[in-house]
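Following: one structure in structure tokens, then a few remarks.
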There are 2 protein chains.
Amino acid sequence: MAKYSAQHRVLIAVDCIIFGFDGAELKLLVVQRALEPQIGNWSLMGGFIEEGEDPNDAASRVLYKLTGLKDVYMEQLSVFGRPNRDPVERTISVAYSALINIKEYETQLSDAYRAEWIPLKDVPALIFDHDEMVAAAKVHLRYKAALHPVLFELLPEKFTIPQIMALYEQVYNVELDKRNFMRKLRSTGLLVKQADKDKEGSRKGAFYYKLDQETYKDKFSSFLHFIPQP
Amino acid sequence: MAKYSAQHRVLIAVDCIIFGFDGAELKLLVVQRALEPQIGNWSLMGGFIEEGEDPNDAASRVLYKLTGLKDVYMEQLSVFGRPNRDPVERTISVAYSALINIKEYETQLSDAYRAEWIPLKDVPALIFDHDEMVAAAKVHLRYKAALHPVLFELLPEKFTIPQIMALYEQVYNVELDKRNFMRKLRSTGLLVKQADKDKEGSRKGAFYYKLDQETYKDKFSSFLHFIPQP
DNA sequence: ACAAAAGTGTTGGGAATACACCCATGA
DNA sequence: TCATGGGTGTATTCCCAACACTTTTGT
């Protein structure tokens with residue numbers, strides 16, 4: 001069949017906003033850009049969509065190339081298409097937000113792409129409109145995590161309650177009450193207490209928990225309310 | 001500067017999921033496709049992005065062309081980019097969701113684009129992946145409206161409480177309790193009661209209300225909870 | 001023994017639900 | 001006068017936020 005011949009075509013990129021948590025701090029995975037322009041400057045990990053490739057697959061591919069990880073929690077964020085956002089050539093970018101637990105993933109990433117985990121509060125200025133993308137991803141994460149237990153995606157298989165709490169506190173930039181938070185958390189039925197403790201954070205040690213995968217799947221779409229309303 | 005020469009370029013479209021409410025029923029605005037393939041079949045209103053055009057502007061342009069309306073509430077939904085979604089040529093589409101109150105907008109639209117308001121429950125099968133887009137838009141609308149008073153965008157300047165309630169009931173496909181709903185609504189401070197009544201729906205007539213624009217702007221981003229949790 | 005973080009319970013207030021009757025009007 | 005939809009009030013439950021002390025253990 002004939003093409004839509006009168007129309008003009010543009011480049012499509014994907015960019016990944018990759019959040020990570022190491023048990024203490026919320027971080028962002030950024031790379032040093034490998035091509036001109038702005039070679040060597042901090043950037044989100046991204047890439048162009050290939051022929052016949054679904055944008056979602058492109059994002060997975062890009063993430064895999066960087067981290068070696070598959071089946072990562074990833075969501076489409078939104079499209080960034082301001083005409084001159086890339087000075088070289090018109091490029092429309094689809095931003096994706098991914099959640100990774102840093103600890104379980106111990107490969108070397110810095111070598112190939114000069115990638116680095118940088119604490120979210122210390123992230124330097126990024127190229128093009130990547131700062132906007134990060135800002136949008138933060139908003140989205142707050143929005144999502146206020147309703148769905150999505151932050152567990154950032155935690156390793158075994159985690160402690162003080163860790164989750166620190167995570168929530170950093171995402172929302174608030175201080176939470178231990179007692180209320182724990183009660184809320186327990187009432188969800190998402191947690192399975194383990195016998196052993198994590199002794200890294202304190203003398204006493206904090207009990208490990210695992211996610212109850214069944215409950216997790218069931219409850220994922222039902223609305224939860226972790227963050228107090230002022 | 002040199003182009004990204006090795007990459008391949010694709011068509012970008014926008015498609016608009018346009019919700020409307022006439023005071024009684026929630027509807028979708030669909031058109032009969034004007035080009036091959038599938039000419040004459042039901043479709044969302046869409047169009048290609050032009051050179052140097054921001055996708056958001058393209059969506060506004062498309063909406064304006066169809067309805068003559070500007071400054072309509074519109075949000076980017078997500079990207080649909082399955083490789084063969086358009087059989088003619090690879091086209092990636094950015095879906096937008098718009099909210100319109102049908103009554104205030106009394107132009108003729110059917111002529112130019114053979115457009116029609118169809119009750120949401122009766123919408124026929126649409127071309128390509130437009131059904132998926134509509135499904136995503138419904139989910140998004142529920143999500144959004146559960147937290148933000150966005151459904152007021154569907155109402156005319158003067159509306160009645162039974163109308164809003166009918167709207168919420170249709171969006172969530174539930175039955176609400178008049179008394180609780182009214183109390184909740186009033187407690188938001190969003191409503192300004194008018195002196196006159198709408199006599200169309202009943203003998204007694206229902207008082208008109210207007211939105212308190214100040215409060216609306218203030219409260220738009222704060223979370224509200226209109227829908228009871230079972 | 002003491003420092004440092006983990007863990008535990010209670011209580012009061014406010015919000016959400018459930019629920020049933022009167023009102024105004026046109027036909 | 002009656003049928004129709006509009007509008008109002010209360011009792012109860014449940015959830016949430018506020019709040020302080022004990023436990024464990026390594027040094």
Side-chain angles (χ1 to χ4, degrees), chain A residues 22-25 145-147 149 155 158-170 172 174-210 219 222-230, chain B residues 22-25 145-147 149 155 158-170 172 174-210 219 222-230:
Chain A
D22 59 9
E25 221 175 352
L147 301 171
L155 293 164
K158 279 164 57 174
F159 50 80
T160 69
I161 292 188
Q163 282 171 0
I164 318 177
M165 198 167 116
L167 182 49
Y168 273 92
E169 289 183 328
Q170 286 178 61
Y172 292 97
V174 290
E175 293 210 340
L176 297 176
D177 183 283
K178 278 195 292 188
R179 296 158 285 189
N180 294 336
F181 185 79
M182 261 183 137
R183 177 177 29 255
K184 227 178 274 193
L185 213 50
R186 268 202 275 265
S187 75
T188 62
L190 288 169
L191 299 187
V192 184
K193 192 172 187 171
Q194 305 301 112
D196 50 340
K197 285 182 165 188
D198 166 37
K199 313 279 280 193
E200 280 193 20
S202 71
R203 328 260 151 139
K204 188 179 176 181
F207 278 104
Y208 279 120
Y209 288 80
K210 287 188 180 180
K219 294 238 170 152
S222 63
F223 287 15
L224 303 170
H225 296 285
F226 285 108
I227 305 304
Q229 243 81 353
Chain B
D22 59 9
E25 222 176 350
L147 301 170
L155 294 163
K158 280 165 56 176
F159 49 81
T160 69
I161 292 188
Q163 281 171 2
I164 318 177
M165 198 168 116
L167 182 49
Y168 272 92
E169 288 183 329
Q170 285 179 62
Y172 291 97
V174 290
E175 294 211 341
L176 298 175
D177 182 282
K178 278 195 292 187
R179 295 157 288 189
N180 294 336
F181 185 77
M182 261 183 137
R183 178 178 28 257
K184 227 179 271 193
L185 213 50
R186 268 202 275 265
S187 75
T188 61
L190 288 169
L191 300 187
V192 184
K193 192 172 187 172
Q194 305 301 111
D196 50 340
K197 285 183 165 186
D198 166 37
K199 314 278 280 191
E200 279 193 22
S202 70
R203 331 256 152 150
K204 185 177 177 181
F207 277 105
Y208 279 119
Y209 288 80
K210 286 187 181 181
K219 294 237 170 151
S222 62
F223 287 179
L224 304 170
H225 295 287
F226 286 108
I227 304 303
Q229 244 82 354

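- The CD-C1' distance, from A:Gln163 to C:dA6, rounds to 13 Å in whole Å.
- Atom CG of A:Asp198 is separated from atom C1' of D:dT24 by 15 Å (rounded to the nearest Å).
- Where the helix from C:dA1-D:dT27 to C:dA27-D:dT1 starts and where it ends, the local axes point in directions that differ by 10°; five pairs per end, rounded to 10°.
- For C:dA6, the base has no donor-acceptor partner in the side chain of A:Lys197 [N/O atoms by modelled type, under 3.5 angstrom].
- In this structure, B:Met165 places its CE atom 11 Å from P of D:dG7, rounding to the nearest Å.
- The two residues A:Glu25 and A:Gln170 come nearest to each other via the heavy atoms CA-OE1, 3.5 Å.
- Checking D:dG7, C:dA6, D:dT25 against every side-chain atom of A:Arg203, the shortest atom distance belongs to D:dT25.
- Computed from coordinates, the B:Phe181 CZ to D:dG7 C1' distance equals 14 Å when rounded to whole Å.
- For B:Arg179 against C:dA20, a side-chain N or O and a base N or O form a donor-acceptor pair under 3.5 Å.
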Next item on the list: Please report the C-alpha distance between A:Lys197 and A:Lys204 in whole Å, then the side-chain angles of each, then the deciding distance to 0.1 Å, and finally whether the side-chain contact (heavy atoms from CB on, under 4.5 Å) criterion is met.
Entry: CA-CA 9 Å; A:Lys197 285 182 165 188; A:Lys204 188 179 176 181; 4.2 Å; yes
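- For B:Ser202 and B:Ser187, each mapped to the nucleotide of DNA chain C holding its nearest heavy atom, the one lying further toward the 5' end belongs to B:Ser187.
- Regarding contacts with the backbone of D:dC15, every side-chain N or O of A:Arg183 stays at 4.0 angstrom or more from both OP1 and OP2.
- Residue B:Glu169 places its CD atom among more than 12 non-hydrogen atoms of other residues, nucleotides or ligands, all under 6.0 Å distant.
- The distance from atom CG of A:Asp177 to atom P of C:dG7 is 14 Å, rounded to the nearest whole Å.
- Straight-line distance from the OH atom of A:Tyr209 to the P atom of C:dG7: 6 Å, rounded to whole Å.
- Distance CG (B:Leu191) to P (D:dG7): 12 Å, rounded to an integer number of Å.
- A distance of 4.5 Å separates CG in A:Leu191 from CG in A:Leu185, rounded to the nearest 0.5 Å.
- Residue A:Lys199 is in sugar-phosphate contact alone, with no base atom involved, counting any heavy-atom pair closer than 4.0 Å across all strands shown.
- Just one of A:Ile161, A:Val192, A:Ile164, A:Leu155 meets the side chain to side chain contact (heavy atoms under 4.5 Å, CB included) condition when paired with A:Tyr209; it is A:Ile161.
- A donor N or O paired with an acceptor N or O is found under 3.5 Å between the base of C:dA6 and the side-chain atoms of A:Lys204.
- Residue A:Lys193 has its side chain nearest to C:dT8 when only C:dT8, D:dT8, C:dA6 are considered.
- Going from atom CD1 of A:Ile161 over to atom C1' of C:dT8 covers 12 Å, rounded to whole Å.
- Salt bridge annotation for A:Lys158-A:Asp196: present, with a cationic side-chain nitrogen under 4.0 angstrom from a carboxylate oxygen.
- For A:Phe159 and A:Tyr208, the distance between ring centers is not under 6.0 angstrom.
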